[in-house]
Amino acid sequence: RSMIVLAPESRPAIGRVALLVPRWTDPREREPQGVPFRSFTLGGAFLAAGYEVVFFDQEHDLDRRDRFDEFAAELDDCIAAFIWLNEMYPSNQCRNTERLAARLKRERPDLPVIAGGEFLTVCPPDFLDYETPVDFFLRGYGEAAGLRLIERLALRQPIDDVPGLV
């Protein structure tokens, strides 16, 4: 399965967050891209704080079928969607991030879309200054900043003090 809903074990969820991992391999490649370890720390931070996490790995299955519709069916109660890039094959990830963000916006125009991760952390700010369906870019590992951003968005509070937000 390319999509799974993870829920906090010890208490009811306080909200729902989407976490997507864009494909970083070329579509012609036959080998799977591996495990997206970098996204697990962000998803774990959301879970530990009490959020339900709708996790979608674009490259999970070898048949490479498009399973976005299955994922989109779980977006109704999400506060935001995080697309988390790592440092592998950045051009492929950037293209797939744009595609995923555009599809998210078609499904849920009101849903804030945040792109972040290791690759975006090393990019100069000018690199992120272009017309995009991504609402925010988040630098760093995201555990603390991602939680602060989700809290601010859920409460409709200003987001000016979120570290790493571009």
Side-chain angles (χ1 to χ4, degrees), residues 1-24 35-61 64-86 93-121 128 131-166:
R1 292 179 47 166
S2 58
M3 190 273 311
I4 188 167
V5 177
L6 305 166
E9 292 182 10
S10 60
R11 60 183 179 222
I14 60 173
R16 184 177 251 208
V17 179
L19 177 57
L20 300 86
V21 177
R23 178 178 292 128
W24 66 76
V35 179
F37 291 113
R38 302 266 194 253
S39 63
F40 294 168
T41 55
L42 182 62
F46 291 146
L47 275 171
Y51 291 93
E52 195 172 64
V53 178
V54 182
F55 183 78
F56 179 76
D57 183 353
Q58 192 182 24
E59 175 67 11
H60 184 72
D61 298 315
R64 295 193 176 195
R65 277 196 358 235
D66 182 1
R67 291 176 169 82
F68 186 85
D69 290 339
E70 175 188 349
F71 168 72
E74 297 290 337
L75 292 175
D76 284 346
D77 297 325
C78 286
I79 298 166
F82 286 76
I83 304 175
W84 216 246
L85 293 79
N86 67 27
Q93 286 192 81
C94 287
R95 274 192 304 276
N96 287 322
T97 295
E98 288 295 307
R99 289 181 190 128
L100 287 170
R103 289 182 80 180
L104 284 165
K105 287 299 186 180
R106 280 194 299 275
E107 289 291 325
R108 286 270 317 273
D110 61 316
L111 184 69
V113 175
I114 300 102
E118 282 73 13
F119 172 66
L120 294 178
T121 299
L128 307 174
E131 189 67 33
T132 176
V134 174
D135 296 301
F136 307 106
F137 292 98
L138 191 60
R139 294 168 167 252
Y141 290 106
E143 293 94 333
L147 281 173
R148 186 176 293 176
L149 181 57
I150 284 296
E151 290 167 357
R152 297 296 191 279
L153 291 171
L155 297 172
R156 301 189 191 306
Q157 293 179 339
I159 57 171
D160 308 0
D161 65 340
V162 176
L165 195 62
V166 178

To the nearest 0.5 Å, atom CZ of Phe136 lies from atom CG of Leu149 at 6.5 Å
task = Would you confirm whether Asp135, through its side chain, and Val113, through its main-chain N or O, come within 3.5 Å as a donor-acceptor pair?
result = yes
Do Tyr51 and Leu147 touch side chain to side chain, with heavy atoms closer than 4.5 Å? yes
Residues Cys78 and Val54: closest non-hydrogen pair is SG-CG2, 4.2 Å
Interatomic distance, CD@Glu151 vs CD1@Ile159, rounded to 0.5 Å, equals 13.5 Å
**OP:** Can you label the angle between the Phe46 ring and the Phe82 ring as parallel, tilted or perpendicular, going by 30° and 60°?
**Re:** tilted
Backbone N/O of Glu143 and side chain of Arg148: donor-acceptor pair under 3.5 Å: no
When every non-hydrogen atom of Pro22 is compared with those of Ile83, the smallest separation belongs to CD-CG2, 3.8 Å
Should Phe40 and Val21 count as side-chain neighbours, where that means a heavy-atom distance under 4.5 Å? no
When rounded to the nearest 0.5 Å, the distance separating CG of Leu100 from CD of Glu98 is 10.0 Å
TODO: Examine distances only and state if a side-chain atom of Lys105 and a backbone atom of Leu111 form a donor-acceptor pair shorter than 3.5 Å.
DONE: yes
Exercise for the section: Carefully, step by step, assess Phe71 and Leu104 under the rule side chain to side chain contact (heavy atoms under 4.5 Å, CB included). Expected result: CA-CA 10 Å; Phe71 168 72; Leu104 284 165; 3.8 Å; yes
Heavy-atom nearest pair, Ala115 first then Thr97, reads CB-CG2, 4.1 Å
In short, Ile150 meets Ala80 closest at the heavy-atom pair CD1-CB, 3.7 Å
query = Would you call Leu6 and Ile4 a side-chain contact if the rule is heavy atoms closer than 4.5 Å?
reply = yes
Shortest non-hydrogen pair, Leu20 vs Ala81, comes out as CD1-CB, 4.0 Å
Notebook entry, point to check: Does the side chain to side chain contact (heavy atoms under 4.5 Å, CB included) test come out yes or no for Ile114 and Val134, once each step is laid out?
Noted result: CA-CA 6 Å; Ile114 300 102; Val134 174; 5.9 Å; no
Inset, instruction - Check step by step if side chain to side chain contact (heavy atoms under 4.5 Å, CB included) holds for Phe56 and Glu74. - result: CA-CA 10 Å; Phe56 179 76; Glu74 297 290 337; over 6 Å; no
Distance col, row Cys94:SG vs Arg99:CZ, nearest 0.5 angstrom, shows 11.5 Å
*Pairwise side-chain contact, Val5 with Val53, heavy-atom cut-off 4.5 Å (strictly under)*: no
Under 3.5 Å, side chain of Arg108 to main-chain N/O of Leu75, donor-acceptor pair present? yes
Heavy atoms of Ala101 and Pro133 approach each other most closely as CB-CG, 3.7 Å
**Prompt:** Going through the checks in order, is the side chain to side chain contact (heavy atoms under 4.5 Å, CB included) test met by Val166 and Arg139?
**Reply:** CA-CA 7 Å; Val166 178; Arg139 294 168 167 252; 3.4 Å; yes
Should Glu107 and Arg103 count as side-chain neighbours, where that means a heavy-atom distance under 4.5 Å?
-> no
Arg152 with Asp161: basic N within carboxylate O range, under 4.0 Å: yes
